[in-house]
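So the structure is just underneath, and the comments pick up after that.
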Amino acid sequence: MPQSTTSDVAKFGQRVTANIAKVMVGKESTKKLLLVALLSEGHVLLEDVPGVGKTMLARCLAASFGGSFSRIQCTPDLLPTDITGLSVFNQKEEDFVFRPGPIMAQIVLVDEINRATPRTQSSLLEAMGEGQVTVDGTTHKLSRPFMVVATQNPVEFDGTFPLPEAQLDRFFLMLQLGYPTVAEENEILLRMQGDHPITALGPVTEPSEVVKLQQVVREVFVEESVRDYAVRIVQQTRQQAQVQLGASPRGSLALIRAAQALAALDNRSYVTPDDVKAMAIPVLAHRLVLKADSALRGITGRSILGDVLHQVAVGAENEV
Amino acid sequence: MKTKGLLPALAALFSLAIVSILGRYIVLLFPGLDVPFWLGFIMFFAALESAYFSAYYLSPRTPFLVRLFELVLWLGPLYFLAGRALDVFATYSAFVLCTWLMARGYGSQLAYMERVADYLGDQGASTVTWEYESLESGDATKGSILYFWQRLLVFGALIALLAITCRSTGVRVMGGELAFLRAMGTIAVVSGLALQACAYLFRLQILWNHAKADVNPVLGQIWVRTLLTLLLCTMLVVNVAPVDYWPLTAARIAEIMRGFVFHSPDPLIEMESSGGNSQQEMEVLAFSEEIATGPWGIILAATIFAIMIVVGLLFLGIIGFIITQILGAEIERLKGLPRLAVQIYRGMQSAFGQLLHGARKIRSYLQVSSQRQRPSLPGDDLSRNPTHKRRPLLKNVRAMFRQIAKEAGRRGLYYRPSLTVWEYGEILHDKLPQGKEAVGEFFSGYQEVRYSDHNVTNSEEQRLLEVGAEIIENIENLKGEGSDATVNDK
């Protein structure tokens, strides 16, 4: 069996992106970042205003991916067992039988995650962090690849529960879609005249291929100065005056892994500082805990990361 | 509380020493006065009685008659000892009364301190932990500590004033007088410091007692041991120090400056080595006066002032260091002079750190400059990078990149540290009218050899160097064409 290479990753990326593009118009960078998360074994939080295609993007990814897919629609009365599954008493066998919850899938769409209570949100932590679920003292391994794509609406506050920092840190990327351009919106209207195109969307890959490509991504070469650059960016986030808590070491790991995946999708077997720079905001912005006054002044994690990237020397050629 | 038993004795000793020194200087200034040796004993016992009586028995309700009887007890015999001569009695009684009143003041303060519980009320327990807060919240209790401290300083200043007056009026203290003054000075400094330290310990003991705090008795022993060591050192310093109280006198600095300016040996040193004679001494003094009144006077005064400031800051810095070591996290609660000392110490620490950092930067700059001066070794300064050990040909490509950046920088296309090489390549690509392909080829090639684990071959290196040379040529043409390429960042 031939060994997979970065060119296979690049081809995979093109294939999946083209498939998603049958439904989703534009948003090329977001689609690519979604693949970065999938190849890095990470989870994605899509945060944007209603109606811009967050759920659709997640559904497209699931449809393009040949594995199992489940969807959790979060509401305040959702219980942790509604996600993880529970043991029910089987009268015929006179024993408790585990009934798996929707988390036991390979792509899990958690829609409007901030409508679930913190208790229910926390039930995702173990699955997202360790790829396993413990119910009634029994640990159930989740099948690989496993990816949670959560969506949330940042403008509504009634009946919502902001995600705790610990959970935000477990999301590999936080992406924003933004409104489409005029041309893109026209194209969307044109496509939706008939049947919804997602119904015709078929899988273009399979779980085993994704697992192999994830291994390829892990082997992408990271030169010492590039790794150092990533670490210095993360360190710098901890020095910012507006920040209460900077990015964690988990953030450093995620940044390097994301840069590896991006390099592989560009058919490169090595990471450049440009990869690190491109991934810094999606990977780190949501991991910063801002001071209360900074948040009130409208400062965001993204703007702070922008400043940080201007402050940190790339270190390619310091002596020019 | 054992400390309280010791404090009146120390107060009496201190009062005796202070009044004796003051009296001796007054006698020197007014030679008609006579103070016999035995008067010292009466002063001491009067002070001892006054301090103990006021510390243990005296209260606002003590009848006036009792106080009068106490005075008569000391002044009555004194009248007879003075030979019933009123003027002599007045002199003697003035000294005894001064000592007696000083000691009474200290004794009263000790009694006052014991009533701290009335002032602190229910907050006493918490103020034990937060000693500084208690000092802040209770003005009355703070006053007691300040009382001891202020008197120590005021009496020191008064003695210094009298000593300077004596010196300036030409009174020479010699022989037995000098020995007496030194002995009393030592007693005053030692008993004064011991009094201050023990008063503070006494105050702590009051608070501990009030809060029913279980304090390790070893703490008191350590306190006494440390105090004794400190006093021993002080005694040594007082006796070894020159009479001037300050080693850098105006005459001394003038002589040092004279040595610097005229490169002649220090006459004072010569005098000391040869035993000294009056003619030389006169010359030195005349020279000092000449300097002090001439244009050097301002420089001399400024030098003395600067030295005083530096020494003062150093002293405060040392105090700050000691406070920081002892108090640790509690230093944020400090107020006044201790806080200033800590701030000065921190400032000095920070300045020293910056100085070291600057020195390191200069050293590394000098090292880099010396390496750059070495001919025909492009990129040699990168040889420490492990990547270059693995791929020696890369250093020439990197050197070429630096050359491109340098040439482009002269045209305003600066390479900023926060830019990636690729971003910089894009700027050049946009700004150069010719050779855009060369820019693309060089920068993508650079990225590959710089960041991948791919070993660059000779031919690849040669090709990149050729393309780099082409880019430099295009940049130079840009200069010739007078382009408006002034963008320096993305």
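Just so it is clear: chains get the letters A, B, ... in the order the sequence lines come, proteins before strands, and each one is counted from 1. As the structure is a computational prediction, the values presented were derived from the model and not from experiment.
Residues A/His310 and B/Ser418 approach most closely at O-CB, 3.4 Å, considering heavy atoms.
The side-chain hydrogen bond (donor to acceptor under 3.5 Å, both in side chains) test applied to A/Gln236 returns A/Gln311, not counting sequence neighbours.
Proximity to chain B among residues 238-272 of chain A is limited to A/Tyr270, A/Val271, A/Thr272, judged by heavy-atom separations below 4.5 angstrom.
Only the backbone of A/Val312 comes within contact range of chain B, with at least one heavy atom under 4.5 Å from a heavy atom of that chain.
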* To do: Go through the steps for B/Ser452 and A/Glu223 under the test side chain to side chain contact (heavy atoms under 4.5 Å, CB included), then give the verdict.
  => CA-CA 7 Å; B/Ser452 74; A/Glu223 205 260 342; over 6 Å; no

* To do: Please test A/Val314 against B/Glu423 for side chain to side chain contact (heavy atoms under 4.5 Å, CB included), starting from the C-alpha separation and ending with a verdict.
  => CA-CA 11 Å; A/Val314 175; B/Glu423 284 170 340; 5.7 Å; no

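At a threshold of 4.5 Å between non-hydrogen side-chain atoms, the residues B/Gln447 and A/Asp274 count as touching. For the pair B/Trp422/A/Pro273, no side-chain contact is recorded, criterion being any heavy-atom separation below 4.5 Å from C-beta on.
To the nearest 0.5 angstrom, A/Leu309 atom CG is 11.5 Å from B/Leu419 atom CG.
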